Structures are given as C-alpha cells and as structure tokens.
Amino acid sequence: MITVKTQNLTRKFASLIAVNNLNLEIEEGEIFGLVGPDGAGKTTTMRLLAGILEPTSGEGWVYGKHISKESEALKDNIAYMSQRFGLYEDLTVMENLNFYADIYNVSLKERTQRIERLMSFSGLSPFTNRLARYLSGGMKQKLGLACALIHTPKVLFLDEPTNGVDPVSRRDFWQILYQLLKEKVTIIFSTSYLDEAERCKRVGLIHKGQLLKCDVPANIKRERNVDTLEAAFISIINESH
Amino acid sequence: MNLNRIRAIIKKEFIQIIRDYRSLALALINPVILLCMFGFALSLDVNNVPLAIWNQDKSQISTDFIMNFENSRYFNVVGYLDSYDKLQNYIDRKKAVMAMIIPKDFSKFIQSNQSAPVQLLVDGSDANTATIAMGYVNAVVAGYNVKLIEDSTSKLGIQNLSPIDLRPRVWFNEDFKSRNYIIPGIIAMIIMMIAAQLSSLTIAREWERGTMEQLISTPIRRGEIILGKFIPYFIIGFFDVLIAISMGQFVFHVPFRGNLVLLLIVSSIFLTGGLAQGIYFSIVAKNQRLATQMAVLTTFLPTFILSGFVFPIYNMPKVIQIITYVVPARYFITILRGIYLKGVGLNILWIQILFLLLFALFMITLAGRKFKKKIT
Ligand SMILES: Nc1ncnc2c1ncn2[C@@H]1O[C@H](COP(=O)(O)OP(=O)(O)O)[C@@H](O)[C@H]1O
Ligand SMILES: [Mg+2]
C-alpha cells in the first residue's frame, strides 16, 4: 500500500521555488530518507506533507488524506517533529508528554503504559521532572520523538532529527525507529548525514527543490559505480549543474 | 470542541505564566501598583488652588463674598490686584490658576436682589485641575447664595421660611474626591493592561519559539487553541477586577451604589473584547514585541487618553471627540461611573453595554478568522 504520494507538488516563496514538481511514492512500513544540502527544500517538503504548509500547486496524499483539502483529518494519522525543537522549554519532560497525550486524546490507561515504555527505551526516565530547557541536545530530540509517538501515528515525519545529537543518543534513536518499523509505521525523515541515509530502505536526493534521484541506496551506488552514497550524490549533483 | 484539549492548553498556559516571573508580576502585582499609584499618589484632588482677585467693588458685601474663598481649604488667595494686566501676569507666571473679577456694581446687584455677574478667568492648560477648581468655585458660590437667601428671609422676619435644606450639593461625587472617579477608570486600565501585555504575547510567543509549528501538526482545532489561550487570561483579568473592586471598597472607600453583579458582567464583556483584541494582534504579528506594541497602541493608550478617564472628552477637539466613539473604554468607563456613583442599572446603560458586547463579538470573530494552522 502507498502511504505517501505526491503529484507535481510545488511550493514557491515569492520568486524562489523551494519545492519543484515533486513526485514521490512511499510504501507503508518503509523508512524513507530525504537527503540534501541546506536550503534544498527538505523542511518545506516535510511541512507540505504534514499539512501545515499550503502547496502553491500540485497534489499530495498521506495515508489517503489530501494534504491541503483534508489537512486536518490527515493530522490524526501522522506525527511530525520539526527541525527546530518544538516542545515547551519551560515545561518538564513529563508535562510535555502529558500535554501531547491530552492534545491527542490518549486515554489515561493507555497513557501510563505508553509513557512508561517510551521513557524506558529513550532513557528519559531519570529526567521526568527536569525542564525541557535543561536537557541535552540528544535528550531533547528523544523527548520530541516520545511526544510524537504518544498517539501511535501511522506515518512519522522527522525533520533532521539527529542533527547535533551525540553518537550514543543517535544509536538509541535509530533503535527506536527500527522498533517502529516492525509495527508497520511509515517513517520519512530528512538528513544531511549520508551515513544515516545508508540505513534507509530508499532515499530521495533533493537539491534546489528538485528530486534528482529516488531509489534503493544499493541501486544508486551501483548505477554510479561508487562505494558510498556520498560519492554517488556528489556525482549526481555535479551532473545536474 | 474537545474539552480535554482546551483544558490541556489552559493548564499549560498557567504553568508558563507562573514560571515566568515577569508575566506573573504583570498579572498580579502591576494591578495593585496601578491602584495604589492612582489611588494614593496621583490623586487628582486639587487643594489650595491659587486664586488672584480684583475687587472693583470694595464694599462690605464683596469682602464678605471673598471671605468665603479665603476660608475655603480649596483656595489660596495669592493676591489682590487692580488690573487685567496684573491678573494675566499672575496666570501667565503660574502664580495663579484662577483669577476672579468682582465688578463695581456687585453690591448694588445684591442689594437689589438681582444676580450679580462675577468674571472668572481660568488657566485651562491643565484641563483637569481647571475643571475641578471650577467645580469648587461653584460650590463656594452656591454656599454663599444660600447664606444670602437665609439672610434676606430672616430680615423679612420670616424664620425658617424654607425648611428645605438648601445646602449645596454636588451630585454623584459629593465630597469632590477624584478618587471616586479614578477607581472605575483604573478597572478599565487594569483590564487593558492584561489584554495588551499578556494576551498579546500568547500566540506570538509560540510562533517565535517554534512551538506553534509542533502544535499545528496535531489534530487540535483552531477554536480549541484560541479558547484555551483566552480562558487563563480571562481568569486572571477577572481576578484583577475583583482586587480592584475590593481595594476601591475597603482601602479607598469609594461609594458603590449600583449592582455588583451587573458590574462584574459588564467587566467580563469588556475584558473579553480586550483579550480578543490582544490575541488578534498576537496572531497578526507572530512576533512578541510587535504584537505588544500594536496591542498597547490600540488598547491601553486609548483607554488612558481617549476614554474620559483622565482627560474630559468634552474638552477635546471635535475630531478627537468623534474618535472616542469607537474606543470601547469610553463606554465602559461611562458604565462604571454610572454603576459606581449613580447606581443606575441596565435600563439606562443598555446602549453602552450593547456596544461593548458587539465589540467583543467582533474581535472574537476577527481573531478566530485570522488564526490559521498553517505556516506562512
Ligand atoms: N517560510 C519561508 N519563507 C520564505 N522562504 C522560505 C521559507 N521557508 C523556506 N524558505 C526557502 O526555501 C528554500 C528551502 O528551504 P528549506 O525547505 O528550509 O530547506 P532545507 O530544510 O532543505 O534546509 C530555502 O532557500 C529557504 O530560504
Ligand atoms: Mg530544514
């Protein structure tokens, strides 16, 4: 089943085309990596798919819901973690979790179980009463993920979730993502780290708003006859100029 | 509308207010400071108004008349002069706020039982003092008139012809305490302070800090966000109104003649309009500083300047007077003074109340329409 599909999805900011005629199809339970340098249009794509940014033209569906005409219904099925830390720094870890549990109408019974589970596999348990402001970068990102997972979303959008996160937290983070894949959650994340892109089932290379390549990492490397995705992407980007 | 979500926003908003000492001070301490400042320090009562007199009559009768001013604590006779130039000089140099000219024929008029013209020159540069001082003059003159009537009736051998107590009486604010006028005005100021400086931050802060981007990606409804953000500030504002009313009653002893329930209802309506206005600018600006500036400019300042709280509307230029018709505080202060000092009710105040109600509905609609769960 296709969970994310776009047709000529375009977003302009004045004369700048941030996302240009994007055509994507992402399967259910897939982990898809959106890769590209700063300013490539990754965040804009994520926002469009999360229903919080109006497209200039083109269409898109997430879990069967149209990203602009049904953007509110769409939000029941997804979780979105913005690139910038989006939780309340003056609330504690627990207060943030409870806030998002309330917003998603998670029942009290389910909530206690879920919070317990999320806390244990994110390693946040010792910090429940700490203000989010005083968490380390990695802890903040794990809290962001925990809040995003409090309502068991079908599709998860993560905008550069591991940016500035220490290697240990990064490994924890990936552990959580692999666990989610077993539960058939579709994960779309963006990154500028190419070693991370290697872990994805498929990657899309985005540059200046254009999707230059979208395939399984192994195929991309074989096609370019190189060992790493990094080398493949450099060659693709150079060719596009 | 989902109550759980609204409650979650309310709770979160309260936690944030309590943990930020600045907003806590704005919410709870500033109103009390404002009350004390206006109630004690900035009392608009005027005592010892410097008065210059040119007595052209120089008779026993006019001297008697002047004694009434000499003996009043409201006036301080600073000079007896003998020309217009000198009077003008006194006023120009701020040695006197008022000058009184008693004409040559003053005693003749009085003796022939006619009313005697007395000219009063007032320095209008401080409209407030001038207005209040003119009120004092009226009171002193009225007192003198009564004495004259009593004298003339007793001369005719008619004792206590009029059993009616003819002592002069200033209506609605008998003892001329400006404090009585000020407390109702301060209630309006406090409400607008909450609106301008607290509610204007609430949405802008979330855009600025990036928390709104996260929040709008959830299924929460727009109305739930707006209502969840409105209610905490409404509770704070209402609490402040209660503080102001209690302090007015127990600290400043302002007479209260009207209906408390009506006062609270009208205050709630005014508060709703003000908060909606603050929230509207919070939505439009998406930036805390700009939002506050716009809100102060459109809520707090007009309430201070154009409502008739400090500067009487009838002293304003015509154009400004017309502008005051769209300042909600103008109606609110009229209502408050009506309830406080005159004890009037709905039958008289309903037009003003209706205006406030329409304004509140208009602002709520405007804010509700403007807020979008989208990034621009
Ligand atoms: N709200 C916005 N207004 C104007 N320009 C924007 C806005 N958001 C993004 N852009 C521009 O669109 C381009 C793509 O940005 P973005 O999607 O954030 O890239 P990335 O996330 O890949 O770094 C950039 O040139 C950026 O400056
Ligand atoms: Mg980005």
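Chain letters run A, B, ... following the sequence lines, proteins first and then strands; every chain starts at 1. Predicted, not measured: the structure shown is a model, and the values here were computed from it.
- Within residues 81-120 of chain A, the residues having any heavy atom under 4.5 Å from a heavy atom of chain B are, by residue number, A:M81, A:S82, A:R84, A:F85, A:G86, A:L87, A:Y88, A:D90, A:L91, A:T92, A:E95, A:F99, A:Y100, A:D102, A:I103, A:Y104, A:N105.
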Inset, instruction - Evaluate side chain to side chain contact (heavy atoms under 4.5 Å, CB included) for B:K373 paired with A:S71, printing each intermediate quantity in order. - result: CA-CA 10 Å; B:K373 283 179 69 187; A:S71 62; over 6 Å; no

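- For A:L131, the part lying under 4.5 angstrom from a heavy atom of chain B is the side chain only.
- Both the backbone and the side chain of B:L215 come within less than 4.5 Å of a heavy atom in chain A.
- A 6.0 Å sphere centred on OH of A:Y134 holds no more than 12 heavy atoms belonging to other residues, nucleotides or ligands.
- Looking at B:N2, the atoms closer than 4.5 Å to chain A (heavy atoms on both sides) all sit in the side chain, from C-beta outward.
- Between the side chain of A:K75 and the backbone N or O of B:I220 there is no donor-acceptor pair closer than 3.5 Å.
- Residue A:K12 qualifies as open at atom NZ: its count of foreign heavy atoms under 6.0 Å is 12 or below.
- Atom CZ of A:R133 is surrounded by more than 12 heavy atoms from other residues, nucleotides or ligands within 6.0 Å.
- Going from atom OG1 of B:T218 over to atom CD1 of A:I78 covers 9.0 Å, rounded to the nearest 0.5 Å.
- With a 4.5 Å cut-off on non-hydrogen atoms, B:E224 does not touch chain A at all.
- Looking only at distances, a side-chain donor or acceptor of B:Q214 sits under 3.5 Å from a matching main-chain atom of A:Y80.
- Within a 6.0 Å radius of CZ in B:F362, other residues, nucleotides and ligands contribute 12 heavy atoms or fewer.
- With chain A as partner, the option from B:R221, B:E206, B:K372 having the largest number of non-hydrogen pairs under 4.5 angstrom is B:E206.
- Other residues, nucleotides and ligands contribute only 12 or fewer heavy atoms inside 6.0 Å of the CZ atom of B:F239.
- The stretch residues 24-51 of chain A places A:R47, A:G51 near chain B, each with some heavy atom under 4.5 Å from a heavy atom of that chain.
- Among B:D20, B:I9, B:T376, the residue with the largest count of heavy-atom pairs under 4.5 Å with chain A is B:I9.
- The part of B:R19 that comes within reach of chain A is its side chain, from C-beta onward, which places non-hydrogen atoms under 4.5 angstrom from that chain.
- Of the two parts of B:I375, the backbone and the side chain both hold a non-hydrogen atom closer than 4.5 Å to a non-hydrogen atom of chain A.
- Taken from OG in B:S217 to CG in A:L53, the straight-line distance is 13.0 Å, to the nearest 0.5 Å.
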